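Have a look at the structure below before the remarks.
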Protein chains: 2
Amino acid sequence: MRFSKKSEYALRAVLILADCPPNQTLQIQELSVISGVSVKFLEQILLVMKKGGILRSKRGVGGGYQLDRPARSITLGEIIQLMDGGLCELSGITDSHGTPEYPGSAGLQTCFREIDEQVNEALQERTIEEVLSMDRPKDILAFEI
Amino acid sequence: MRFSKKSEYALRAVLILADCPPNQTLQIQELSVISGVSVKFLEQILLVMKKGGILRSKRGVGGGYQLDRPARSITLGEIIQLMDGGLCELSGITDSHGTPEYPGSAGLQTCFREIDEQVNEALQERTIEEVLSMDRPKDILAFEI
DNA sequence: TCATTCCCTATCAATTTACTCAAGAATGAG
DNA sequence: CTCATTCTTGAGTAAATTGATAGGGAATGA
């Protein structure tokens, strides 16, 4: 009942890139160090996000990655959907394909579909920009733990 | 991003048992046929739920399983928690153990923790009795698909 | 033309999942 | 008592998924 590491790492990378000055690129190598993800694994992830229209890249000396559009237009849901090939489907419970009919089967499906929708909505609403700003609360004297 | 089959099968079994007249037991064999789950796999699942205080069993001739308490006191969340050893933790994203600090890391965690809580709350609220009653809407002329 | 940096695909090891098998132990009918 | 019935228990396994590595290829620009 969890997201894949790919999704998590993808989110890390996008957050890091979103935190950079605009028009600055970061190399995979740098992203790797900051995010704590191996260069080779990151490559795959970044590539998918490039093809998915979230990042853009530049090759050669001075190349690297940057966001392809503003952080306020990128949602958590979009990234997760891209990396995991789908959003929240809490179970095979939601898809009734081939499942037998038993007492409560319809109710169970309805119930999980509702929860799924709730989660997916929440994920589609949250933008990268919002998440970044949650990080540094401005009017609260934050504890450093 | 889904629940295990064990959880799903466990829910099926409990729903089927909840739909029986009180004080009637069902044998694993019968549950297997109705739920479409193999006898041997069901055995494991039912056993866990017995130990978890959701079902009770009786051995020997005329034995079988039944609910250990009323369907209105059993929630989806309880069963899932029992079978999967935990409820919704959308990711390793939620547990910050050993993850590096990067821009947005705190915000991301907060964000997912919120969603987790939402889901878990929904699961803890829904009772087996409710799900059963959703199955047969009383005031709506339902389609048979 | 060459160092740099991203691009792409194949492969692998570990883990998890879903499930099976085989033998044991309680129960109660006769 | 004894025997069929039914649950109990734990070990074992096959397939799928995941997380990660490896290595050569292709663009870029100095």
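Letters go in sequence order (proteins before strands), and every chain restarts at 1. Keep in mind that what you see is a predicted model, and the values were worked out from it rather than measured.
- Side-chain N/O atoms of Lys58(B) include none lying less than 4.0 angstrom from OP1 or OP2 on dT27(C).
- Taking only side-chain nitrogens and oxygens, Lys50(B) never comes nearer than 4.0 Å to OP1 or OP2 of dC7(D).
- At whole-Å resolution of the value, CD in Gln29(B) and P in dT8(D) are 16 Å apart.
- For Arg12(A) and dG19(D), the CZ to P distance is 12 Å, given to the nearest whole Å.
- Distance Glu8(B) CD to dT17(C) C1': 14 Å, rounded to the nearest Å.
- Electrostatic pairing of Arg12(B) and Glu8(B) counts as a salt bridge here, judged by a charged N lying under 4.0 Å from a carboxylate O.
- The side chain of Arg59(B) sits closest to dG24(C) out of dC8(C), dT4(C), dG24(C).
- A salt bridge is absent between Glu43(B) and Lys6(B); no separation between the charged side-chain nitrogens and carboxylate oxygens falls under 4.0 Å.
- Contact of Gln44(B) with dT20(C) (side chain to base): a donor-acceptor pair of N or O atoms is detected under 3.5 Å.
- Counted within 6.0 Å of CZ on Arg56(B), heavy atoms from surrounding residues, nucleotides or ligands total more than 12; the atom is thus considered enclosed.
- By the criterion of side-chain heavy atoms lying less than 4.5 angstrom apart, applied directly or through intervening Ile, Leu, Val, Met, Phe, Trp or Tyr residues, Leu31(A) is not grouped with Val33(A); the two fall into different hydrophobic clusters.
- In this structure, CG of Leu55(A) is placed 12 Å from P of dC6(C), rounded to the nearest angstrom.
- Dense packing is recorded around CZ of Arg69(B), with more than 12 heavy atoms of other residues, nucleotides or ligands lying under 6.0 Å away.
- In this structure, CD1 of Ile45(A) is placed 11 Å from P of dT21(D), rounded to the nearest angstrom.
- For the pair Met49(A) CE and dC7(C) P, the interatomic distance rounds to 12 Å; values are reported in whole Å.
- For the atom pair OG1 of Thr127(A) and CD of Glu78(A), the computed distance is 11.0 Å after rounding to the nearest 0.5 Å.
- A sub-4.0 Å separation between OP1 or OP2 of dT17(D) and a side-chain N or O of Ser4(A) is absent.
- Judged by closest nucleotide on DNA chain D, Val61(B) is the one of Leu46(B) and Val61(B) placed further toward the 5' end.
- Neither OP1 nor OP2 of dT5(C) sits under 4.0 Å from any side-chain N or O of Ser57(A).
- You'll find a donor-acceptor pair under 3.5 Å spanning the side chain of Glu43(A) and the base of dC8(C), going by distance alone.
- Contact annotation for Ile28(A): backbone-only contact, meaning every heavy-atom pair under 4.0 Å involves sugar-phosphate atoms and none involves a base.
- Among dA18(C), dG19(D), dT8(D), the nucleotide with an atom closest to any side-chain atom of Phe41(A) is dG19(D).
- Look at CG on Leu47(A): it is 14 Å from P on dA27(D), rounded to the nearest Å.
- Of the candidate nucleotides dC8(C), dC7(D), dG28(C), dC8(C) has the atom nearest to the side chain of Lys51(A).
- Rounded to whole Å, the distance from CZ on Phe3(B) to P on dA18(C) is 13 Å.
- Picking from dT27(C), dC19(C), dG29(D) the nucleotide with the shortest atom distance to the side chain of Tyr9(B) gives dC19(C).
- Map Lys6(A) and Lys40(A) each onto its nearest nucleotide of DNA chain D; the residue landing nearer the 5' end is Lys6(A).
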